[in-house]
*Asks:* 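Sharing a structure here in structure tokens format.
Ligands are counted one by one from 1 in listed order, and the atoms in each one are counted from 1 as well. Values in this document were obtained by computation on a predicted structure and should not be read as measured data.
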Amino acid sequence: MFHDPIPVEPTIQHLLDTIVAYYPEADLDLVKRAYELAAKSHQNQKRLTGEDFIFHPLRVGLFLAQKQLDIPTIVAGLLHDSLEDTAITLNDIEKLFGHEIAVLVQGVTELDKLKYRGLDRYVENLRKMFVAVANDVRIILIKFADRLHNLETLHGHPKHKQERIAKETLEIYAPIASRLSMGEMKGLLEDLAFPYALPKEYAKTKKIIGEEYPKKEQLVKELEVIIKRELDRAGLKYKSIHGRAKHIYSLYQKLETKDWDISEVHDLMALRIVVENIGDCYTTLGILHQRFKPLKGRIKDYIANPKPNGYQSLHTTVFTLKGEMTELQIRTPAMHAKAEWGVAAHWHYDEYGHAIPGKRYQWVQEINKKLISLKDNAQFLESLKLDIFQNRIFVFTPKGEVIDLPESSTPVDFAYHIHTDIGNRCAGALVNNEIASLDTPLQNGDVVKIIIDKNKKGPNPDWLKFVKTNTARSRIRGLTKKSIFRWMKNVIPKKGA
Ligand code: MN
């Protein structure tokens, strides 16, 4: 399965071995030094489960290494709790491990300050998370790994805390993983939180699974053998074939829509077939349809028509052994990495031990470039946009900073958001490198540059007709009043003049 077993009390050697396996040239010394600092800073600390604290960051690091992430992410994973309740400062981390790692550790620490306090804080939390994602998606990866281990050790917590953490996971973390197209991460988070957040529903689902899963599991094993044989016979080289059980929380959601009739769920088990290239995907589909009759209307070509979040694969539901229906998913290694890791796939090392070159850092700048150069920007950004943010837009400064504004905000709102002075002297705007009028409604993902007129005295009162933010409105009003006052002082002759 996706989540390989991690020893309950791992050692630094486990971590180093895992890293070397996919990245032989890694700077292991850096990893060792991070471990030593973490061990020292958490010395004598225990977790609620009673284990030494150090096993927590170590397991977070191990999880990230199992997912073949880059070294800064793993090092920051080891250090992610070092700023809280220890004598270590951000300055120390920057000095010892450099700026990049310090930024990651700081980002995770900032997110730790967010606590679930009912719906009122929900939107605010989501927004902060999104901004963290936009700053560096690796921050959220570390946070996810942290959360996974916290969920795994939730039994050590008092009941009210279990419930809070589980609900927060289902309502904030999982939707973000989903929006970042990190399907497997979403599934893991939900499955671990499910028993604590919805114990009754969990028990009910579990009971149904108990009866169905062993049956299906056996079937999938037999099927795997047959499919391998068919592909070998056709001379088609596959990369991997593996069965996967539907995540239990996602099964629960589906059962809810199907009146709890499990025979209506066709993807209880699915087989994933990873082949070398797109051509082979279609060939594989052809080969398998000759062997197994497809269910009508269930063939989905998400390669030609990707899902809005960018997901690609061929899906088909076929009648297999004993007339049972099974879903087959056929994809390339790149599609597979993207399905598991979504936007974070860039930080994932490929099978040759290289991260995809040039895409590892400065994610935001990457987005900017894509937004300017690609036609599918809108789609790319749609996949990042959380439902909850539908009335908000995220635009970027030319340096890649994220600015969060209400929908239909204009360059003037943007300018005042940056600085009052920039608003006051704003004379024009470049949106995605093109001249735009100051009342242009900005779109999600726009890169906005404000053109300044140094000689400009103040805002134009006409701007009040189109600005959307209170900041802009109150500044313009304030200054317009002042300038009218100034103007009046000039025109109304002083006494005795
Ligand atoms: Mn932690």
*Asks:* Salt-bridge test for Lys159 and Glu163: reply yes if a basic N is under 4.0 Å from a carboxylate O, no otherwise.
*Replies:* no
*Asks:* Going by the salt bridge (Lys or Arg N to Asp or Glu O under 4.0 Å) test, which pairs reach into residues 267-276, not counting sequence neighbours?
*Replies:* Glu184-Arg272, Lys246-Asp267, Lys254-Asp267
*Asks:* Could you enumerate the protein N, O or S atoms under 2.8 Å from the Mn ion (ligand 1), written like residue then atom name?
*Replies:* His56 NE2, His80 NE2, Asp81 OD2, Asp146 OD1
*Asks:* Is the Tyr202 to Tyr252 ring centre distance short of 6.0 Å?
*Replies:* no
*Asks:* Check whether NZ of the Lys or CZ of the Arg Arg147 lies under 6.0 Å from the centre of the six-membered ring of Tyr173 and within 45 degrees of that ring's axis.
*Replies:* yes
*Asks:* Considering only heavy atoms from C-beta outward, does the side chain of Lys468 approach that of Leu405 to under 4.5 Å?
*Replies:* no
*Asks:* Could you check, using the six-membered ring where one of them is a Trp, whether Tyr302 and His315 have ring centers closer than 6.0 angstrom?
*Replies:* yes
